[in-house]
Amino acid sequence: MIKAIITDDEVRSVETLRRLLELYCPSVQVVAECYNVESTRRQLSIHRPDLLFLDIAMPGKSGFDLLRELGDIPFEIIFITAFSEYMMQAFRFSAIDYLLKPVDEELLVNAVNRVEKRLQSAGAPTSMEALRYNLEKLQRPQEMKICIPHSKGFVLVHLSDIIYCEADNTYTTFFLTTGKPFVSSKSIIDFELLLQDTSFCRIHKSFLVNMLHIKEYVKGEGGSVILSNNAELEVSRRKKDHFLARVKEYYKF
């Protein structure tokens with residue numbers, strides 16, 4: 001069983017989430033229900049849970065205030081929130097589980113399943129380092145860090161340090177300004193979706209490039225781009241118009 005605590009200042013929200021867990025997530029045992037940061041701190045020390053469902057916006061201290069006070073976090077967290085897209089981007093880049101209100105049961109099940117897998121692998125709970133950092137950079141997306149999973153865990157990388165990504169079957173190779181390439185266990189499609197509202201653009205079925213690192217575009221049927229590391233990558237004929245439009249939009253010319 002996964003021991004869980006629910007923290008939300010709205011009684012109805014707590015009751016709804018508890019009922020959804022009873023119906024769709026039988027592996028989760030709710031050991032405490034809290035309505036503010038102070039009671040949550042007490043219940044965390046009493047129960048030492050595996051998982052905390054944490055509302056962000058609460059009167060007085062917020063869910064983020066609780067995290068700052070706790071320091072090290074030896075349990076998994078699923079955030080419950082109604083915040084803006086900027087906030088959602090911070091969660092996604094940090095590989096942190098979150099659920100929007102009203103909570104959808106299918107998304108709840110998926111989030112709990114991910115937590116269960118992490119707990120079964122005996123790994124450390126998801127790092128809050130990237131989330132804390134990214135929340136400070138909400139208005140400057142290029143300064144955010146992205147959490148990239150690989151075979152031995154994950155690595156945190158500044159978006160601006162990624163030059164391009166290359167598809168490798170179901171894996172993705174990252175080429176960085178800061179060191180030699182490394183391989184992620186996720187597909188390039190996953191990263192294309194994750195980075196769709198940033199400076200990244202898919203120019204070919206094999207390449208996702210950071211427009212910040214484009215030095216030159218060479219005309220041709222599709223053409224090619226030369227990047228800051230002097231790599232020259234093909235732009236597919238199908239992606240050419242989309243790529244050129246994205247460059248014009250991003251650089252406003």
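Summarising the local packing, CD of Glu106 is surrounded by 12 or fewer heavy atoms from other residues, nucleotides or ligands at distances under 6.0 Å. When the shell of 6.0 Å around NZ of Lys101 is examined, it contains more than 12 heavy atoms from other residues, nucleotides or ligands.
Within the model, atoms CE of Met1 and CD of Gln29 stand 5.0 Å from one another, a figure rounded to the nearest 0.5 Å. Here the CD1-CG distance, from Ile146 to Leu195, works out to 4.5 Å after rounding to the nearest 0.5 Å. Ile80 contributes atom CD1, which lies 9.5 Å from atom CG of Leu52 (distance to the nearest 0.5 angstrom). Taking CZ of Phe93 as the reference point, atom OG1 of Thr198 lies at 5.5 Å (rounded to 0.5 Å). In this structure, the separation between CG on Leu176 and OH on Tyr164 is 10.5 Å, given to the nearest 0.5 Å.
Using bins of under 30°, 30° to 60° and over 60° for the plane-to-plane angle, the ring pair Phe182/Phe174 lands in the parallel bin.
A donor-acceptor contact shorter than 3.5 Å is absent between the side chain of Asp161 and the backbone of Thr177. A distance-only check finds no donor-acceptor pair linking the side chain of Tyr35 to the backbone of Val14 [under 3.5 Å]. Panel note: side chain Asn210, backbone Leu159; a donor-acceptor pair is recorded below 3.5 Å. Here the side chain of Asp55 pairs no donor or acceptor atom with the backbone of Thr7 at under 3.5 angstrom. At distances below 3.5 Å, not a single donor-acceptor pair connects side-chain atoms of Asp168 with backbone N or O atoms of Tyr171. Listed for the Lys145 side chain is no donor-acceptor partner under 3.5 Å among the backbone atoms of Tyr133. Proximity of a side-chain donor or acceptor of His213 to a complementary backbone N or O of Ser160 within less than 3.5 Å is detected. One N or O on the side chain of Asp190 and one on the backbone of Ser187 form a donor-acceptor pair closer than 3.5 Å. Although no hydrogens or angles enter the test, the distance criterion places a donor-acceptor pair under 3.5 Å between the side chain of Lys240 and the main chain of Gly220.
Here the two rings, on Phe191 and Phe200, have centers that are 6.0 Å apart or farther.
Residues passing the salt bridge (Lys or Arg N to Asp or Glu O under 4.0 Å) test with Arg237 are Glu221, sequence neighbours excluded.
Taking all atoms of both residues into account, the shortest heavy-atom contact from Ile56 to Ser62 is O-CB, 3.2 Å.
In terms of hydrophobic clustering, with Ile, Leu, Val, Met, Phe, Trp and Tyr side chains grouped at heavy-atom distances under 4.5 Å, Phe243 and Val218 are assigned to different clusters.
Checked for salt-bridge contact, Glu22 and Arg19 meet the test: a charged N lies under 4.0 Å from a carboxylate O.
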